[in-house]
Amino acid sequence: MIETLTIGAETKMPLPQGLRPGYAGKSMNDRSASSEQISQGCEQTDWLVAVRDARDKAAFGRLYDHFTPRLKGMLIRSGMSGAAAEDVVQDVMLTIWRKAHLYDEGRARASAWIYRIARNRQIDVIRRRPRPVPDEMIVEAESREAHDADAMVSLEQEAEQLREALATLPQSQRDIIERAYVGELTQVEIREATGLALGTIKSRIRLALEKLRHELKDLRDE
Amino acid sequence: MKQITHHLPEWLIRSYAAGSLGHAFSLVVATHVSQCDECRARLEAEETAGGVVLEGLEVVDTSEDLRARVFDGLDEDVAPEPPAPRRKGIYPGALVAEMGSDQPRWRSLGGGIRQAILSEDKQGSARLLYIPPGMAVPDHTHGGLELTLVLQGSFHDETGEFGVGDVEVAEDDLDHTPTAGIGEACICLAATDAPLKFKGIVPRLLQPMFRI
Ligand SMILES: [Zn+2]
């Protein structure tokens with residue numbers, strides 16, 4: 001555990017002080033210490049960690065301001081009315097608050113975790129039956145904490161590069177990718193689009209995959 | 001964890017992540033990911049991409065009422081949700097949830113073959129099949145895509161061998177004869193986006209009755 005954290009600390013970037021809601025004066029238990037040391041890049045993930053560890057309402061407010069208008073836009077684009085979209089967004093935001101203890105920053109960035117929650121809720125509502133979801137991996141809390149440190153850093157790096165790759169794509173390709181993940185395309189369209197527009201960011205998704213694959217393997221090996 | 005050699009195709013995982021997959025195929029994805037770390041990582045990578053796209057979306061106006069409803073909800077006491085169903089024997093929790101019980105409600109199809117229909121809607125159907133050791137499922141083609149995930153035993157057909165956890169993705173033009181391995185009955189989850197059409201044993205007229 002200590003060794004892992006040390007390695008994590010060596011690879012860290014300088015901490016942007018003042019961007020860390022909810023941490024001032026917090027006691028040094030294992031989790032908050034490791035989260036604080038390795039944080040870089042993604043303030044949304046920091047906010048979510050602060051909600052999880054400190055039940056920090058200011059941090060939750062930041063998550064709300066950032067994600068609510070985007071989630072609503074995504075849900076409308078995948079076919080919901082504005083009112084229905086707001087109902088789902090309400091459930092998603094409250095789920096984030098109530099299930100923050102299940103969030104693991106070594107496995108998912110805040111946006112990925114929230115994206116999944118939104119999809120689950122949206123589909124439960126549209127189909128009026130529970131969306132089939134994979135069984136949770138049973139992982140010892142100990143091993144989870146030990147891995148979070150470096151796991152989060154490299155996941156953030158891959159996701160950041162994925163974001164940059166997406167931003168530099170020609171508009172037409174970026175539109176297709178955006179439409180695929182927003183939920184505007186059918187399974188057939190996604191299948192066809194995958195070989196074409198997605199080709200260019202595929203390598204970036206692969207790298208994120210390598211990272212996650214490694215992380216899951218480490219968790220299993222504990 | 002057993003070695004799985006036939007995984008979910010990328011587009012299927014991506015469609016699941018994006019919420020663009022019908023219920024029957026979603027059940028196959030959730031059941032496979034429940035027992036395959038490789039595809040779990042691939043799904044999480046897709047969700048990472050989905051999250052990156054979400055962060056970059058244009059903002060739309062939201063109502064003050066929404067804000068009030070969310071922030072009022074923070075201090076509300078809510079009863080904890082019942083825990084998600086756990087795996088029961090060969091059935092991952094995702095399937096137990098779908099069945100609503102520990103065991104499938106089998107119906108005989110004749111010849112020792114049994115099925116339990118799990119879901120049917122206009123996007124497709126999902127069912128469990130029980131095939132006695134060494135028995136062949138009637139030669140069939142299908143109008144759409146068919147996914148078959150092995151839960152117990154194994155089967156083989158013209159395209160290969162499929163053991164526990166493996167998924168066969170059969171395109172609509174595949175005319176195949178899946179045959180259960182010897183030793184143990186093969187139990188699998190099968191999903192299609194069109195009704196199956198058997199060419200063999202079961203006469204066409206019986207199809208509506210058996211719903212196969
Ligand atoms: Zn797999």
Side-chain angles (χ1 to χ4, degrees), chain A residues 44 57 60 64 68-74 76 78 86 89-90 93-94 97-98 107-116 119 122-123 127 129-137 155 158-159 162-163 166 177-178 180-183 185-187 190-191 194 201 205 208-209 212-213 216-217 220, chain B residues 1 9-12 14-15 17-23 25-27 29-35 37-38 40-63 65-67 69-71 73-74 78 84 86-87 92-95 97-98 119 121:
Chain A
Q44 290 91 25
K57 283 190 183 171
F60 180 79
Y64 181 94
T68 298
R70 293 178 170 87
L71 284 169
K72 183 180 174 184
M74 179 173 90
I76 288 174
S78 53
E86 285 209 348
V89 172
Q90 177 187 349
M93 294 312 298
L94 287 171
W97 178 254
R98 290 169 188 158
R107 290 270 299 283
R109 306 174 85 214
S111 60
W113 193 66
I114 292 170
Y115 179 81
R116 178 197 294 181
R119 285 290 176 230
Q122 176 196 11
I123 288 170
R127 302 229 174 97
R129 63 191 300 181
R131 180 191 199 197
V133 291
D135 300 6
E136 282 302 323
M137 239 175 105
L155 184 58
E158 299 308 344
L162 181 61
R163 198 186 61 73
L166 198 55
I177 290 165
E178 198 173 287
Y181 286 103
V182 158
L185 302 186
T186 64
Q187 88 191 30
I190 287 181
R191 185 176 194 178
T194 296
I201 60 155
I205 296 179
L209 165 61
L212 289 159
R213 189 184 269 148
L216 290 183
K217 188 173 178 303
R220 288 281 184 210
Chain B
M1 192 164 278
E10 185 180 53
W11 67 268
L12 205 58
R14 180 166 298 135
S15 299
S20 302
L21 213 52
H23 186 83
F25 284 178
S26 295
L27 181 62
V29 170
T31 305
H32 178 80
V33 169
S34 296
Q35 47 200 331
D37 282 354
E38 170 66 19
R40 188 185 291 272
R42 292 165 67 209
L43 174 57
E44 289 176 2
E46 290 296 330
E47 288 167 340
T48 302
V52 167
V53 167
L54 171 64
E55 282 175 56
L57 289 183
E58 284 188 25
V59 300
V60 300
D61 286 338
T62 56
S63 67
D65 178 53
L66 174 61
R67 175 179 285 272
R69 284 188 283 156
V70 169
F71 283 84
L74 297 188
V78 280
R86 301 285 282 259
R87 183 186 186 92
L95 258 184
E98 186 73 19
S119 79
D121 60 29

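A, B, ... follow the sequence lines: proteins, then strands. Residue 1 opens every chain.
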Name the region of A:Ala108, side chain, backbone, both or neither, that has any atom closer than 4.5 Å to a heavy atom of chain B. neither

So what's closer than 4.5 Å to chain A heavy atoms on B:Leu12: side chain, backbone, both or neither? neither

Option that, when pairs with chain B are counted at under 4.5 Å, heavy atom only, ranks first among A:Leu94, A:Thr68, A:Val182, A:Ile76: A:Leu94

Rounded at 0.5 Å granularity, tell me how far CZ in A:Arg163 sits from OG1 in B:Thr48. 14.5 Å

From the list B:Val60, B:Asp61, B:Leu66, side-chain contact (heavy atoms from CB on, under 4.5 Å) partner of A:Lys72 resolves to B:Val60

Can you tell which part of A:Leu185 gets under 4.5 Å to a heavy atom of chain B, answering side chain, backbone, both or neither? backbone

Is the shortest side-chain N to carboxylate O distance from A:Glu86 to B:Arg69 below 4.0 Å? yes

For A:Arg127, is it the side chain, the backbone, both or neither that has a heavy atom under 4.5 Å from a heavy atom of chain B? side chain

Over all heavy atoms of both residues, which pair between A:Gly183 and B:Ser20 is shortest? Give the atoms and the distance, please. CA-OG, 4.1 Å

Mark yes or no for whether A:Arg70, through its side chain, and B:Leu57, through its backbone, hold a donor-acceptor pair below 3.5 Å. yes

A side-chain contact here means heavy atoms from C-beta on lying under 4.5 Å apart; do A:Arg107 and B:Glu47 qualify? no

Go through B:Val70 and A:Trp97 one step at a time and tell me if the side chain to side chain contact (heavy atoms under 4.5 Å, CB included) criterion holds. CA-CA 10 Å; B:Val70 169; A:Trp97 178 254; over 6 Å; no

Does the pair A:Arg109 and B:Glu55 meet the rule for a side chain to side chain contact (heavy atoms under 4.5 Å, CB included), with working shown? CA-CA 11 Å; A:Arg109 306 174 85 214; B:Glu55 282 175 56; 3.0 Å; yes

Where does B:Arg67 contact chain A at under 4.5 Å (heavy atoms): side chain, backbone, both or neither? both

Salt-bridged, A:Arg129 to B:Glu98, with N to O below 4.0 Å? yes

What is the distance from atom CD of A:Gln90 to atom CG of B:Asp65, rounded to the nearest 0.5 Å? 8.0 Å

Quick one: of A:Ala112, A:Ala110, A:Pro130, who has the most non-hydrogen atom pairs under 4.5 Å with chain B? A:Ala112

Name the region of B:Val78, side chain, backbone, both or neither, that has any atom closer than 4.5 Å to a heavy atom of chain A. side chain

B:Thr31 vs A:Asp135, test: side chain to side chain contact (heavy atoms under 4.5 Å, CB included). Steps then yes/no. CA-CA 8 Å; B:Thr31 305; A:Asp135 300 6; over 6 Å; no

A:Gln122, part contacting chain B, at a heavy-atom distance under 4.5 Å: neither

Quick one: do A:Tyr181 and B:Arg14 satisfy side chain to side chain contact (heavy atoms under 4.5 Å, CB included)? Show the steps, please. CA-CA 8 Å; A:Tyr181 286 103; B:Arg14 180 166 298 135; 3.0 Å; yes

Contact leader toward chain B among A:Met74, A:Met93, A:Arg98, A:Lys57, where contacts are heavy-atom pairs under 4.5 Å: A:Arg98

Which one of A:Glu158, A:Arg131, A:Glu136 has the most heavy-atom pairs closer than 4.5 Å to chain B? A:Arg131

